[in-house]
4 protein chains.
Amino acid sequence: MTPPDPTPAGTAHVPRWERRKESRPAELLAAALELFVERGYAATRLDEVAARAGVSKGTLYLYFESKEELFKAVVRETIVPLIDAYRRDVEGSGEPSAVLLERFFREWWERFGATRLAGLAKLIIAEAGNFPEVARFFHDEVIEPNGAVLAAIIERGVARGEFVPVDVRTSVHLWMAPLVLKAIWAHSLDALCPAASRVEPEEFLVAHARLVLASLRHGGEAQPRPGC
Amino acid sequence: MTPPDPTPAGTAHVPRWERRKESRPAELLAAALELFVERGYAATRLDEVAARAGVSKGTLYLYFESKEELFKAVVRETIVPLIDAYRRDVEGSGEPSAVLLERFFREWWERFGATRLAGLAKLIIAEAGNFPEVARFFHDEVIEPNGAVLAAIIERGVARGEFVPVDVRTSVHLWMAPLVLKAIWAHSLDALCPAASRVEPEEFLVAHARLVLASLRHGGEAQPRPGC
Amino acid sequence: MTPPDPTPAGTAHVPRWERRKESRPAELLAAALELFVERGYAATRLDEVAARAGVSKGTLYLYFESKEELFKAVVRETIVPLIDAYRRDVEGSGEPSAVLLERFFREWWERFGATRLAGLAKLIIAEAGNFPEVARFFHDEVIEPNGAVLAAIIERGVARGEFVPVDVRTSVHLWMAPLVLKAIWAHSLDALCPAASRVEPEEFLVAHARLVLASLRHGGEAQPRPGC
Amino acid sequence: MTPPDPTPAGTAHVPRWERRKESRPAELLAAALELFVERGYAATRLDEVAARAGVSKGTLYLYFESKEELFKAVVRETIVPLIDAYRRDVEGSGEPSAVLLERFFREWWERFGATRLAGLAKLIIAEAGNFPEVARFFHDEVIEPNGAVLAAIIERGVARGEFVPVDVRTSVHLWMAPLVLKAIWAHSLDALCPAASRVEPEEFLVAHARLVLASLRHGGEAQPRPGC
DNA sequence: GATGAATGAGTCTTCATTCAT
DNA sequence: TATGAATGAAGACTCATTCAT
């Protein structure tokens with residue numbers, strides 16, 4: 001009837017906790033990212049972050065000076081590796097620009113849209129008013145560089161006569177938007193709605209590429225409208 | 001044929017979300033909307049809402065039972081009039097579907113994208129995890145009906161042979177995304193960044209319409225790719 | 001067997017709390033002074049301050065921004081009225097300087113030594129390292145002005161030939177010290193020790209005056225030492 | 001009838017406060033003394049004590065059971081050697097009592113007033129409310145014995161007709177006070193104020209001795225006041 | 001022994017909510 | 001009805017103490 005002795009004679013000693021200086025920060029950041037994305041900055045309790053990372057509240061403060069610092073670290077540490085890898089991998093080639101473009105979108109989706117960055121983007125958009133420096137960091141380190149890559153592809157395509165001329169800056173915004181919103185959506189309303197009404201990412205990606213390429217082959221303005 | 005006055009004696013109108021008496025300070029809702037959008041739900045203090053509305057904190061509780069109820073009322077009261085007006089106004093006509101479509105986007109922007117609904121959308125996306133009912137309300141009352149209108153236009157265009165056949169559900173998402181994201185952005189990063197890097201809404205709208213119409217005239221798949 | 005209903009029918013309503021905006025700050029300051037003097041700054045819990053003042057913890061923050069501000073307010077509000085009254089009252093007269101001097105010491109004791117200022121002095125001495133601005137305020141507003149009054153009396157006595165010449169600055173320190181230490185002591189060790197070993201203030205004051213006046217009549221240096 | 005010797009094997013010395021093994025880092029006590037004096041008990045963090053002593057926080061606990069024990073050890077270990085040496089050195093002689101008295105004050109200053117005991121005194125006065133046993137220890141081991149030595153000198157002087165009769169207990173307090181306060185002050189306000197307004201210890205000591213001796217030669221009461 | 005990572009009780013502080021006025 | 005003083009539960013953060021290494 002008595003509960004078994006938790007540390008009976010002859011049983012291997014089960015330490016109450018372990019020292020894991022190396023792995024703690026990453027675990028804490030992961031837990032914090034999840035919760036920040038789920039609930040937003042203010043509604044996230046550090047207790048829960050700690051609990052989700054399997055440590056006590058105090059341990060958090062061994063690694064991060066404050067909630068705000070934790071937040072900034074989450075942003076930084078999530079973004080930087082993604083961006084660094086991205087920068088290394090996006091490179092020129094001799095292929096047709098349309099192929100480059102399609103690959104760009106697909107890669108973006110795989111590297112960003114389908115990763116934790118998507119949740120982070122939602123978070124940063126939501127907290128831009130409260131954390132302008134963070135928003136600016138995100139803008140400068142993620143949005144701008146990514147836009148520059150896309151712009152380069154467009155310009156190449158135009159220069160080589162593969163694409164009709166377009167306004168590059170506008171196009172970047174216009175073409176990224178569906179992917180970005182889709183990615184954000186996945187961490188928001190999609191989590192609540194019956195899968196039925198959702199469009200599958202693959203399907204969405206294909207349609208998106210088709211839309212963009214259609215406009216690049218024919219433009220949208222010069223052509224006579226059907227029936228006119 | 002006009003809808004009955006919403007709150008006279010002997011009212012028949014029973015809205016999904018209860019309406020409260022007309023005398024309630026709309027200033028409170030306006031102040032709350034602003035602050036919720038600026039800072040998010042949790043970071044908004046009722047003190048400030050009251051102050052911005054020019055009343056005392058206690059007065060807030062004469063009109064709203066709690067912070068959560070205030071939030072829901074903000075969502076409800078911001079959305080419902082917009083949607084109600086929208087429903088009355090979007091009607092069929094004999095014009096070409098391309099014209100309808102262009103008008104639809106422009107009207108959407110003017111009625112929603114450039115209004116407080118945009119901030120609300122950002123807010124709801126951010127708080128979807130904390131307020132699933134609100135998110136669902138938004139989905140059911142705003143996103144779905146709006147999508148249905150757009151879908152109807154597409155279907156009409158296809159039926160009349162004005163548009164190439166497309167997958168309607170995907171297209172709705174794909175085409176709304178740039179407008180939606182642009183609207184959200186205005187309440188987030190755009191508020192921080194130098195105007196220089198921004199694309200003007202008018203320019204954006206035009207480019208967007210061009211993009212969409214291009215794809216509807218030619219589709220994106222049948223054409224041989226350049227270089228093939 | 002049931003406890004009597006705390007608010008039975010027919011009983012006057014006993015409010016859970018009262019609004020006492022005017023008197024709260026003074027009550028809080030009094031409670032805080034007591035506890036700060038008893039335990040020091042760091043060891044004083046705001047809960048206890050609030051409890052001693054008969055309010056809840058949150059109420060404290062309606063009147064003082066933080067523990068530190070409360071501390072500074074305690075110092076300021078305890079000192080300023082005492083000093084202000086003191087300044088009004090200490091005035092010249094035609095009496096012999098010895099009489100002035102005796103009265104000065106006695107008044108000092110009654111106005112400061114035997115009041116809450118004594119505890120405050122102990123506190124400030126103890127916290128000088130942690131709150132240098134407070135220490136400086138005390139020095140500038142209490143110690144210096146008081147020393148100046150005493151110095152004026154001494155100088156008058158010397159000028160009128162009533163006192164032998166002395167170094168004024170040194171004398172001020174030398175003569176204040178017994179009174180100051182006695183005052184501090186009352187809030188420290190004296191509270192613990194059997195009354196037996198203590199010297200009564202009255203007796204102490206008389207002895208102190210005698211000591212000072214003796215030195216002013218004869219000085220201490222010119223006289224041949226006994227046995228020399 | 002004697003209690004069993006707690007530290008047997010030929011030891012005779014049974015101090016009131018247990019001594020711990022010699023190897024214990026005196027650096028810890030020194031660091032702790034400094035910090036306790038600077039900031040007070042509660043505001044001193046063990047981290048800092050350890051850091052200042054050049055060891056890790058954990059090491060502290062190898063030598064002291066708790067912060068409170070460390071505090072008590074600091075008091076004990078600072079006081080006991082000083083007092084022990086003092087007791088050995090203060091001895092009778094055939095010199096005039098005035099010389100004894102002057103020497104007593106000067107020695108007190110050099111042995112106590114100008115040493116770390118001064119800071120400790122400030123600390124104990126401040127913490128008397130929180131650590132009554134410590135305060136009592138200080139009273140019994142430092143204040144009382146020191147007062148007894150001074151009392152003995154006074155009594156000797158009176159007995160030999162060198163001094164006018166005085167109330168011994170009162171005089172002890174009265175005469176120690178300037179030295180004690182001066183010593184405390186050096187660890188408090190003096191650390192903040194421009195040296196200009198301070199009186200040099202040497203000057204102060206001389207003036208103090210003069211004051212005391214003047215009163216002992218003539219008393220303060222029998223003489224006609226000037227002008228009477 | 002020595003270290004310092006981990007713990008968690010305890011504090012300050014905030015703010016949604018209540019209620020005397 | 002309107003106010004804002006008062007409340008108290010909750011959350012960020014600290015730090016004495018423990019214990020795996």
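Nothing here was measured: the structure is a model prediction, and the numbers come from that model. Just so you know, these numbers use all the heavy atoms, side chains as well, and skip hydrogens, waters and symmetry mates. Each chain gets a letter, A, B and so on, in the order its sequence line appears, and its residues count up from 1.
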Quick one: which of [options] gets closest to the side chain of [X]?
| X | options | result |
| --- | --- | --- |
| A:Leu46 | F:dA12, E:dG4, E:dA6 | F:dA12 |
| C:Trp17 | E:dA6, E:dT18, E:dA16 | E:dT18 |
| A:Leu62 | F:dA6, F:dT1, E:dA6 | E:dA6 |
| A:Ser56 | F:dT3, E:dT18, E:dT7 | E:dT7 |
| D:Ser66 | E:dA5, F:dT17, E:dT17 | F:dT17 |

field: Distance-only donor-acceptor test (3.5 Å): side chain A:Arg19, base E:dG4
entry: yes
Distance criterion of 3.5 Å, no angle test: do you see the side chain of C:Lys57 paired donor-to-acceptor with the base of F:dT7?
no
With sequence neighbours left out, the residues meeting ring pair (Phe, Tyr, Trp, His ring centres under 6.0 Å) with C:Tyr61 are none
B:Phe71 meets the ring pair (Phe, Tyr, Trp, His ring centres under 6.0 Å) criterion, sequence neighbours left out, with B:Phe36, B:Tyr41, B:Phe131
Report the distance from atom [atom1] of [X] to atom [atom2] of [N], rounded to the nearest whole Å.
| X | N | atom1 | atom2 | value |
| --- | --- | --- | --- | --- |
| B:Phe71 | E:dA16 | CZ | P | 14 Å |
| A:Tyr61 | E:dG10 | OH | P | 18 Å |
| C:Glu69 | E:dC12 | CD | C1' | 14 Å |
| A:Leu60 | F:dG11 | CG | P | 15 Å |
| D:Glu27 | E:dA2 | CD | P | 12 Å |
| A:Lys67 | F:dC13 | NZ | P | 8 Å |
| C:Arg20 | F:dG4 | CZ | C1' | 16 Å |
| A:Phe64 | F:dT14 | CZ | P | 15 Å |

Per nearest nucleotide of DNA chain F, the residue lying toward the 5' end, C:Arg24 or A:Gly58, is C:Arg24
Ranking D:Ala42 and C:Glu18 by the position along DNA chain F of their nearest nucleotide, the one closer to 5' is C:Glu18
Once you apply a heavy-atom cut-off of 4.0 Å, does C:Tyr63 come out as touching a base, just sugar-phosphate, or nothing? sugar-phosphate
Pairing string of DNA chain F (Watson-Crick or G-U wobble, both atom distances under 3.5 Å; | = paired to other strand) is .||||||||||||||||||||
d(C:Leu120 CG, C:Thr78 OG1) to nearest 0.5 Å is 5.0 Å
Does a side-chain heavy-atom distance below 4.5 Å link A:Leu46 with A:Leu70? yes
Contacts of D:Arg116 meeting side-chain hydrogen bond (donor to acceptor under 3.5 Å, both in side chains) (sequence neighbours excluded), chain-then-number -> none
Sorted by chain and number, sequence neighbours left out, side-chain hydrogen bond (donor to acceptor under 3.5 Å, both in side chains) with D:Arg45 holds for D:Glu48
With sequence neighbours left out, the residues meeting salt bridge (Lys or Arg N to Asp or Glu O under 4.0 Å) with A:Glu65 are none
For C:Glu68, the salt bridge (Lys or Arg N to Asp or Glu O under 4.0 Å) test, sequence neighbours excluded, returns C:Lys72
ask   = At under 4.0 Å, does any side-chain N or O of A:Thr59 touch on OP1 or OP2 of E:dA5?
value = no
Any carboxylate oxygen within less than 4.0 angstrom of a Lys/Arg side-chain nitrogen, looking at A:Arg136 and A:Glu133? no
Under a 4.0 Å heavy-atom cutoff, the residues of residues 47-55 of chain A touching DNA chain E are A:Val55
Contacts of A:Lys21 and C:Arg45 projected onto DNA chain E by closest heavy atom; the upstream (5') one is A:Lys21
Residues 50-58 of chain C, side-chain donor-acceptor partners within the protein, below 3.5 Å, at least two apart:
from: C:Arg52; atom 1: NH1; to: C:Glu34; atom 2: OE1; distance (Å): 2.5
from: C:Arg52; atom 1: NH1; to: C:Glu38; atom 2: OE2; distance (Å): 3.3
from: C:Ser56; atom 1: OG; to: C:Thr59; atom 2: OG1; distance (Å): 3.3

